[in-house]
Each structure stands twice: as structure tokens, then as C-alpha cells.
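Below is one structure, written out as C-alpha cells; the observations come after it.
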Amino acid sequence: MTHLLGVVGDPVTHSLSPFIHNGWLRAHQIDAVYSAFEVKGGELASGLDALARQGVIGLNITLPHKEEAMRLAASVSGTAHRLGAVNFLVRREDGWIGDNTDAPGFGLTLDFGDIEVSGRNVFLLGAGGSARAVASVLADRGARLTICNRTAQRAEALARDLAPEASILSLEEGLKQLPSAALVVNTLSLGHSGGNLKLPEAAGGIFYDISYGKGAAAALTEAKAKGWRSLDGLGMLVAQAAISFEHWFGVMPDMAEAHARCRRLVEATS
Ligand code: NDP
């Protein structure tokens, strides 16, 4: 029987997850298909019931459902519980079991990029959902973390929950101090709405934007112009997908191949 899997979100048609996972399913000759399912905010409970009835065995969860998925899962991993968000579900007899693969996915990209953060100054721009996953990894690895966000209360809550040693700055002040960072991780979503950051000249640091494609284009152009070594979020996208795939099927897929495939697709459509 062909297994069904997919990603649930709104919007979701732009998601690269079907492209990534269906390539791996073919490569591993697994009889399954991975689709995108649009489910409106507030309708996740009925959406999950309907997908379970259709025989869906595994899901990734994206905006705006990651917190709601946490509440609806029969049980969740320690990582998901700590982050307050679920982006991975697997169907078991007693219901959906949740996990969060964004945090380990980000961690894998640091490993692959040979980016050492222990004891180093790391600036995190943003305090939204993805910033929580990023901050947990950076704090666990001993980074000297500074969180910069437009809304101070959100940065304070993030630090309280996940990175109690972190310093907090306004976005404006953080941008001024950016050259002192060995690594800047940009999780701001303003690239999607046409906004951009005015960055200072680099002093040898890395600018890692976890967005990709059009969402990251303006910030990465600015970062390169100011001399930052830069990378985008395609690696994180592929890494969190690979960890999901391994959870479902017990085999780690080829991340380098998927990364190259995604890079070609994003460049062709940007
Ligand atoms: P959230 O909506 O949870 O957070 C958005 C962040 O951007 C907040 O810190 C918010 O600040 C800030 N922000 C938004 N607009 C502005 C603005 N005009 N000026 C200043 N700050 C602004 O989003 P997520 O954390 O879920 O996602 C953020 C980005 O990360 C997205 O682009 C998403 O595509 C990408 N992403 C990539 C992943 C990958 O695998 N590569 C995984 C997950 C996300 P405030 O708190 O003040 O509102």
C-alpha cells in the first residue's frame, strides 16, 4: 500500500518539502508520496483528523500551526516541549506523536559548516518561532548569545525560556554592535514583506540568514556588499527534512544531493 505523508500549513503551496521528500522516497524506493496540505489557522484539529482518516502516516507542520500541533499531539519529545512547537508528527495507534526537527536541523548545519560557537559572540536577530529553535541550539553549545528583536518582551520571554544567560538588545542597537559577532543568525521574516536590514561593515563574521530564495535575497545582497561571509537557510530546510525522513523511515537520506537540487530550483525561480 502506498503510504501518504505531507506538510500542513497556510500558505503551503510554495513549500519545497514535497520536492525534497519525494526525491528521497524515489531514491530509497519507498512506496510513499509526500504532498502539501493547506489547512487554515484554527482548523488543525479537524485537518489532522481528516488526514488520519485518509491514512496519512507522517506530517511536517509549518506556519501557522506549530504551537497548535503541540497541543493536539498525544505526546511530544522533550525538544518540542522545551521549544513549545511541533514541526514533525508521526501517526501511532494512540494518536499523533510530535517532535521538533528545526533545532537539530539548525545544529546539523553548524556541524556541516564547521561553525564553532562555543565561547564566541553570536547575535540572534529575531525572537519568533524559528528563533526559539536556533537559540536553544546556540545556548546548549555555549555561545555568548545576544538576542536582538523589535519587540523586547518577546526577546525576554525567549531568553527566560531557553537562553537565560543571553543579553538582550533592541534591533537598532543590535545592528550597531553586529561587527563584534563571530556569527549573526538572522531569523527576521521582514525579507518576505519587502523589508531589509541596513548592516554595518563586517569584521570577519558570518551572516547566516535562515530564510532562502526571495525571502533572503535582499539581506544576503546587503551582507555580501558589507563584507560578511554569508549563507542562507536552504541547508537548514534540508537538514530538518532529513531528520524527519529518518524518524519516519529509519534511514538518513542524502542531504548534499537534496541541497544541490533545491539550490538549482531556487536559483531557477528567483
Ligand atoms: P515569526 O513570525 O515567528 O517571527 C518573525 C520575526 O521577525 C520576529 O522576531 C519579528 O519581530 C520579526 N519581524 C517581522 N517583521 C519585522 C519588521 N518589519 N521589522 C522588524 N522585525 C520584524 O517567524 P518564524 O520565526 O517562524 O520565521 C522567520 C523566518 O525564518 C521566515 O522567513 C521563515 O521562512 C524562516 N524559516 C526558515 C526555516 C528553515 O528551515 N530554513 C525554518 C523556519 C523558519 P517581532 O517579535 O517584533 O514581531
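Just so you know, these numbers come straight off a predicted model, no measurement behind them. Counting starts at 1 for both ligands and their atoms, in listed order.
Between N60 and Y34, the side chains place a donor N or O and an acceptor N or O closer than 3.5 Å (distance only, hydrogens not considered). For the residue pair N100 / T79, no side-chain donor-acceptor distance below 3.5 Å is found, with atom types taken as modelled. Side-chain N/O atoms of H247 and D99 include a donor and acceptor closer than 3.5 Å.
In the vicinity of S211, heavy-atom distances shorter than 4.0 Å reach the ligand 1 atoms 29 (C), 30 (O), 31 (C), 32 (O), 35 (C). Atoms of ligand 1 lying under 4.0 Å from any heavy atom of S130, numbered from 1 in the order shown and given with element: 24 (P), 25 (O), 26 (O), 27 (O), 28 (C), 30 (O), 43 (C), 44 (C). The ligand atoms of ligand 1 that sit less than 4.0 angstrom from a heavy atom of G126 are 9 (O). In summary, the atoms of ligand 1 found under 4.0 Å from a heavy atom of T187, numbered by their order in the structure, are 28 (C), 29 (C). Within ligand 1, the atoms closer than 4.0 Å to a non-hydrogen atom of G233 are 41 (N), numbered from 1 in the order shown. Atoms of ligand 1 found under 4.0 Å from any heavy atom of A127, numbered from 1 in the order shown, are 9 (O).
For atom 3 (O) of ligand 1, the closest non-hydrogen atom of the protein is G129 N, 2.9 Å. Closest protein heavy atom to atom 17 (C) of ligand 1: R150 NH1, 3.3 Å. In this structure, the protein non-hydrogen atom closest to atom 4 (O) of ligand 1 is G128 CA, 3.4 Å. Nearest to atom 41 (N) of ligand 1 among the protein's heavy atoms is I210 O, 2.8 Å. What sits closest to atom 34 (O) of ligand 1 on the protein, heavy atoms only, is H192 NE2, 3.4 Å. For atom 45 (P) of ligand 1, the closest non-hydrogen atom of the protein is T151 OG1, 3.4 Å.
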For a salt bridge (Lys or Arg N to Asp or Glu O under 4.0 Å) check, start with the C-alpha distance between E257 and R261, then their side-chain angles and the critical distance, and finish with the verdict. CA-CA 6 Å; E257 172 277 328; R261 236 176 344 117; 2.5 Å; yes

Any chance you could lay out the salt bridge (Lys or Arg N to Asp or Glu O under 4.0 Å) test for E38 and K40, step after step, and finish with the verdict? CA-CA 7 Å; E38 186 179 298; K40 298 283 173 209; 3.1 Å; yes

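An N or O contact shorter than 3.5 Å links N149 to ligand 1 by distance. In terms of polar-atom proximity, defined here as any N/O pair under 3.5 Å, L188 makes no such contact with ligand 1. When only interatomic distances are considered, the shortest N/O to N/O separation between Q240 and ligand 1 does not fall below 3.5 Å. In terms of polar-atom proximity, S189 is counted as a contact of ligand 1, with an N or O under 3.5 Å from an N or O of the ligand. Considering backbone and side-chain N/O atoms, K66 never comes within less than 3.5 Å of an N/O atom of ligand 1.
Taking the ring axis of F207 as reference, the NZ or CZ atom of R229 does not stay both within 45° of it and closer than 6.0 Å to the ring centre.
Other residues, nucleotides and ligands place more than 12 heavy atoms under 6.0 Å from the CD atom of Q54.
D140 and R82 are joined by a salt bridge, as a carboxylate oxygen and a charged side-chain nitrogen come within less than 4.0 angstrom of each other.
Just one of L178, V184, L169 meets the side chain to side chain contact (heavy atoms under 4.5 Å, CB included) condition when paired with T146; it is L169. Screening D232, T187, T109 for a side chain to side chain donor-acceptor pair (under 3.5 Å) involving Y208 leaves a single residue, T109.
Ring planes of F245 and H21: parallel class, angle under 30° (limits at 30 and 60°).
Contacts between M236 and ligand 1, counted as non-hydrogen atom pairs separated by less than 4.0 Å, involve both the backbone and the side chain. Here L171 has side-chain heavy atoms under 4.0 Å from ligand 1, and that is the only part of it that gets that close.
Hydrophobic cluster membership differs between F106 and F88, with clusters built from Ile, Leu, Val, Met, Phe, Trp and Tyr side chains linked at under 4.5 angstrom.
Less than 4.0 angstrom separates atom 9 (O) of ligand 1 from at least one non-hydrogen atom of the protein.
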